[in-house]
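The structure appears below as structure tokens.
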Amino acid sequence: MKSKRRLLICLLSVAVLIVIAAAMMVIGRGHTIYVDNRSVEYNGQTYETPYKVTVYVKNEQIAKLYDSERGMSTWIGQNFKMTLEVMEEKGGDEVLQTIQLNLPYSMDGIIVNIPAVLAGLPEEAWLTEFIPTPTKEEDEEEVPGEGDEFGMTDDMGLGGDI
């Protein structure tokens, strides 16, 4: 009797975990989206930046971008939607555009280039993966034999021979 009950509890636990995993696959994974307003060259043609782009995600302003600026947002799922308020020239009219992009499942940090998206270029032109550069402290390696993790010297700071 106990073994049947134990088996039933184990099977129910596994079933619950499978349901949770299936729900997470439907919901999707989280992405960090970086939105760049930088000119891009594609197939020998240069696509210049608009004067100002205001980016809205989920009806919330995430960035007001001028030339060579970057904004950031987090998004869960594969279908990213943003609204852009684009001003081509200083003092010009602002035009609203809603953009919907399919994000790759395999990337976490994604850079979306605004001029390439506005020009209707393919994914290879507007999408790049964000790879953080290591900081200077991470690059410096500890030299073997120079002190230890406690900042002590070889002779324990006594000076001279022991």
Side-chain angles (χ1 to χ4, degrees), residues 5-143 149:
R5 191 168 144 194
R6 178 179 287 175
L7 180 62
L8 182 63
I9 290 173
C10 287
L11 290 175
L12 283 175
S13 298
V14 169
V16 167
L17 289 175
I18 290 172
V19 167
I20 291 172
M24 294 305 289
M25 286 297 289
V26 170
I27 292 171
R29 76 187 293 278
H31 298 277
T32 304
I33 310 293
Y34 300 95
V35 184
D36 269 1
N37 190 26
R38 299 173 197 259
S39 60
V40 64
E41 188 173 316
Y42 183 72
N43 286 340
Q45 186 173 352
T46 302
Y47 297 88
E48 297 296 330
T49 61
Y51 171 71
K52 178 181 76 170
V53 178
T54 307
V55 184
Y56 297 91
V57 174
K58 298 179 188 173
N59 295 324
E60 181 180 325
Q61 180 180 329
I62 63 160
K64 188 178 287 189
L65 306 173
Y66 294 91
D67 186 36
S68 298
E69 291 184 338
R70 174 180 287 169
M72 184 191 88
S73 178
T74 55
W75 186 264
I76 295 178
Q78 302 313 113
N79 298 316
F80 178 64
K81 185 177 178 182
M82 65 181 166
T83 302
L84 304 176
E85 200 172 83
V86 182
M87 181 185 292
E88 288 294 334
E89 297 175 356
K90 186 174 184 176
D93 292 334
E94 292 181 339
V95 178
L96 280 177
Q97 290 189 331
T98 300
I99 308 290
Q100 189 156 358
L101 306 170
N102 291 324
L103 304 176
Y105 188 77
S106 60
M107 285 187 204
D108 176 37
I110 298 172
I111 301 174
V112 175
N113 184 280
I114 296 293
V117 168
L118 291 174
L121 298 178
E123 182 179 290
E124 64 188 40
W126 58 259
L127 177 92
T128 51
E129 185 173 8
F130 178 78
I131 301 171
T133 57
T135 60
K136 187 171 172 112
E137 294 92 35
E138 292 174 1
D139 287 342
E140 294 176 4
E141 291 185 21
E142 192 174 307
V143 179
E149 67 264 15

Q) Once you round to the nearest 0.5 Å, how far does CE of M72 lie from CZ of F130? A) 9.5 Å
(Q) For I76, I'd like to know if atom CD1 has over 12 heavy atoms of other residues, nucleotides or ligands within 6.0 Å. (A) no
Q.
Nearest 0.5 angstrom please: E94 CD to Y51 OH, how far?
A. 10.5 Å
Q) Considering all heavy atoms of both residues, which atom of L65 and which atom of N37 are nearest to each other, and what is their separation? A) O-ND2, 3.5 Å
**Q.** E60 atom CD, over 12 foreign heavy atoms within 6.0 Å
**A.** no
Q: Output yes when a side-chain donor or acceptor of Q78 lies under 3.5 Å from a complementary backbone atom of L103, and no otherwise.
A: yes
Q.
Quick check for you: to the nearest 0.5 Å, what is the distance between F80 atom CZ and I33 atom CD1?
A. 5.0 Å
(Q) Are the side chains of L127 and M107 in contact, using a 4.5 Å heavy-atom criterion? (A) yes
Q) Quick one: CD on E88 to CD on E48, what's the gap to the nearest 0.5 Å? A) 11.0 Å
Q) In Å, rounded to the nearest 0.5 Å, how long is the span from CG of L118 to CH2 of W126? A) 12.5 Å
(Q) side-chain hydrogen bond (donor to acceptor under 3.5 Å, both in side chains) for T49 and D67? Distances and angles first, verdict last. (A) CA-CA 6 Å; T49 61; D67 186 36; 3.0 Å; yes
Q: Over all heavy atoms of both residues, which pair between A63 and G71 is shortest? Give the atoms and the distance, please.
A: CB-CA, 3.8 Å
Q | Nearest heavy-atom neighbours spanning G30 and D108 | A | O-OD1, 3.4 Å
(Q) Taking the side chain as everything from C-beta on, heavy atoms only, tell me whether V35 gets closer than 4.5 Å to S73. (A) no
(Q) By the definition side-chain contact (heavy atoms from CB on, under 4.5 Å), identify the one residue from K64, E85, M82 that meets it with V55. (A) M82
Q: Please report the shortest heavy-atom distance between A125 and A116, naming the atom on each side.
A: O-CB, 3.9 Å
Q. What do you reckon, is CG of N79 surrounded by more than 12 foreign heavy atoms closer than 6.0 Å?
A. yes
Q | Partner of T128 by side-chain contact (heavy atoms from CB on, under 4.5 Å), out of V40, D36, I111, N113 | A | I111
Q) Taking atom CD1 of I114 and atom CD1 of I99, what is their separation to the nearest 0.5 Å? A) 7.5 Å
(Q) Is the positively charged end of K81 above the ring of W75, judged by distance under 6.0 angstrom from the centroid and angle within 45° of the axis? (A) no
**Q.** Minimal non-hydrogen separation, R38 against S68, with atom names
**A.** CG-CA, 3.8 Å
(Q) To check you understand the geometry: which heavy-atom pair defines the closest contact between G77 and H31, and what is its length? (A) O-CD2, 3.1 Å
